[in-house]
Amino acid sequence: MSVYSYTALNSRGERASGDIVAQSRAAALDQVAIKGLTPVSVAERSAAEKPHAAAAVNVGRVSQASVEAFTRELGNLLAAGVSLSRALHILSREAAQAGARRQWTVIHDDVVGGRSLAEAMGKWSRSFSAVHVAMIRAGETGGFLDAVLAQIADFRARERDLKSKIKTALVYPAVIAVLASGVLIFLLTFFIPRFSGIFAEFGAALPALTRIVIGASRAVTRYGAAILLAVALAVLLARRALNSEAGRRGWERALLRLPVFGKVVVQFALVRFCRMLGTLLGAGVPLVTALRVAKEAIGNQTLADTVGASIEDVQRGASLARSLGANARLFPASATEMIAVAEESGRLDQELVRLAGAYEADLDRRLRMLVALAEPALLFVMAGIVGTIVIGMLLPVFTLQDVIR
């Protein structure tokens, strides 16, 4: 809720003023009219004037499914000839989630107040990414906002499906890793201490592997809390470093250097770039503008920087295929050849979308192969760790008869 100050005239023409708590400016106008007053001005009070300003901004979390539905339905309403303000009013009124309803209402009020749709959406970075805001701004400038909104909805749906495939592929390896960690902690904190007590009673020299295993067990048992604290601190520092520009770029470069996973990152970026560029060109966005927006969709700043050089080449008059071909790390030769043919035939937007689908299918196969390889590899590592611990604890048993004699 927000606090609105109003100035109005009553039936006798006398001026009246006051404050109203409402979800939006439109709702505040309705409340003034219900009082039997004719509003002259209704304005939201500034954050310094109202104590609950933070509550007006915090509208709650809006799901990505709601954002996608909002984008698609807004495009459909605009394509049907409904005005932007009325379409936003309809969507805010029909929203099922309370958080979405409040957010759509604020966007509606901003648009009615004179802001562009891109500016109004740009205030909600968690719901609308910078890439999508840039697409909407291009659609507003070019007069094809309804087509851009439909393309954004389709793009978000495909992005969600692709990310869902990646997350699904990582579920089983993650479960195995968690189970392996649990088994290792159990052995180090419960199993090994009982054997080490038995060995201490005999007072004989233990094999080197056994001493290492017992030392690791004692370290985890005695300093477990300190180890957990150190891990938590390391995670916190890593997250803080990743929030910085230098830390994020360093992490992205490290990912690209990985033998197998680096290729997956590059292919994922290629799929996003081709689909975004094809989507924008299909909606009528100029090539240079579309390239700048698609560059932001790559998701890896190191790769995006190389595309920035290609954009400069296109601005100087070079062909798109020749400009992208200079970045062989992101664009394979086969892709640039097909882009060159599509440029000559005038089907660049369709070819880019087709390429995105083809590379996405290849990425899906690559992910399935990685998971198929990761499962036995993780099981082998888990078996190796457990086997090493078990062997280390059984070695003294083999010499136990000599100790007893």
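Excluded from the calculations below are hydrogen atoms, water molecules and symmetry mates; all remaining heavy atoms, backbone and side chain alike, are included.
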**Study point:** Ser127 (side chain) donor-acceptor with Trp124 (main chain) under 3.5 angstrom
**Key:** no
Exercise for review: Please name the residue in the list Leu184, Thr189, Ile185 that meets the side chain to side chain contact (heavy atoms under 4.5 Å, CB included) test with Val220.
Suggested key: Thr189
Review point. When you measure from the side chain of Thr221 to the backbone N and O of Ser217, does any donor-acceptor pair fall under 3.5 Å?
Key: yes
Check your understanding: Could you go step by step and tell me if Lys123 and Asp110 meet the salt bridge (charged side-chain N to carboxylate O under 4.0 Å, His left out) rule?
Key -> CA-CA 10 Å; Lys123 295 168 57 177; Asp110 287 343; 2.9 Å; yes
Exercise for review: Quick one: do Leu330 and Leu324 satisfy side-chain contact (heavy atoms from CB on, under 4.5 Å)? Show the steps, please.
Suggested key: CA-CA 8 Å; Leu330 180 59; Leu324 297 179; over 6 Å; no
Check your understanding: Does atom CZ of Arg93 have more than 12 heavy-atom neighbours from other groups under 6.0 Å away?
Key -> yes
**Study point:** Donor-acceptor under 3.5 Å (Glu119 side chain, Ser116 main chain)
**Key:** yes
Review point. What distance do Glu68 atom CD and Ser63 atom OG have between them, rounded to the nearest 0.5 Å?
Key: 9.5 Å
Practice item. Calculate, to the nearest 0.5 Å, the distance between atoms CG and CG belonging to Leu233 and Leu237 respectively. Key: 4.5 Å
Exercise for review: Could you go through the side-chain contact (heavy atoms from CB on, under 4.5 Å) check for Leu291 and Phe273 one step at a time?
Suggested key: CA-CA 9 Å; Leu291 282 169; Phe273 178 83; 3.8 Å; yes
Review point. Side chains of Leu145 and Leu74: closer than 4.5 Å at any heavy-atom pair?
Key: no
Exercise for review: Describe, in one word, how the ring planes of Trp104 and Phe128 are oriented to each other, choosing from parallel (under 30°), tilted (30 to 60°) and perpendicular (over 60°).
Suggested key: tilted
**Study point:** Arg240, CZ atom: more than 12 neighbouring heavy atoms under 6.0 Å
**Key:** no
Point to revise | Verdict with supporting geometry, Leu149 and Arg72, side-chain contact (heavy atoms from CB on, under 4.5 Å) | key: CA-CA 6 Å; Leu149 288 167; Arg72 190 180 301 279; over 6 Å; no
Exercise for review: Would you name the heavy atoms of Ala118 and Val133 that are closest together and state the gap between them?
Suggested key: O-CG1, 3.5 Å
Review point. To the nearest 0.5 Å, how far apart are CG in Leu84 and CZ in Arg86?
Key: 13.0 Å
Exercise for review: Evaluate side-chain contact (heavy atoms from CB on, under 4.5 Å) for Ile298 paired with Arg272, printing each intermediate quantity in order.
Suggested key: CA-CA 6 Å; Ile298 289 179; Arg272 298 189 70 184; over 6 Å; no
Exercise for review: Would you check if the side chain of Thr336 reaches a backbone N or O of Gly325 as a donor-acceptor pair within less than 3.5 Å?
Suggested key: no
Point to revise | From SG (Cys274) to CD (Glu351), nearest 0.5 Å | key: 9.5 Å
Practice item. Calculate, to the nearest 0.5 Å, the distance between atoms CG and CZ belonging to Leu88 and Phe70 respectively. Key: 5.0 Å
Review point. Looking only at heavy atoms, which two atoms of Gly282 and Asp349 are closest? And how far apart?
Key: CA-OD2, 3.4 Å
Point to revise | Carboxylate-amine/guanidinium proximity below 4.0 Å for Arg137 and Glu140 | key: no
Practice item. Apply salt bridge (charged side-chain N to carboxylate O under 4.0 Å, His left out) to the pair Arg249 and Asp305, showing each step before the final yes or no. Key: CA-CA 11 Å; Arg249 284 178 176 270; Asp305 290 341; 2.6 Å; yes
Review point. How many angstroms lie between CG in Leu363 and CG in Leu270, if you round to the nearest 0.5 Å?
Key: 9.5 Å
**Study point:** Glu343 side chain to Ser319 backbone, donor-acceptor under 3.5 Å
**Key:** no
Exercise for review: Check the pair Arg275 / Glu360 against salt bridge (charged side-chain N to carboxylate O under 4.0 Å, His left out), numbers first and verdict last.
Suggested key: CA-CA 10 Å; Arg275 177 164 291 119; Glu360 182 178 343; 2.8 Å; yes
Review point. If we only count heavy atoms from C-beta on, is the Lys263 to Arg366 side-chain gap below 4.5 Å?
Key: yes
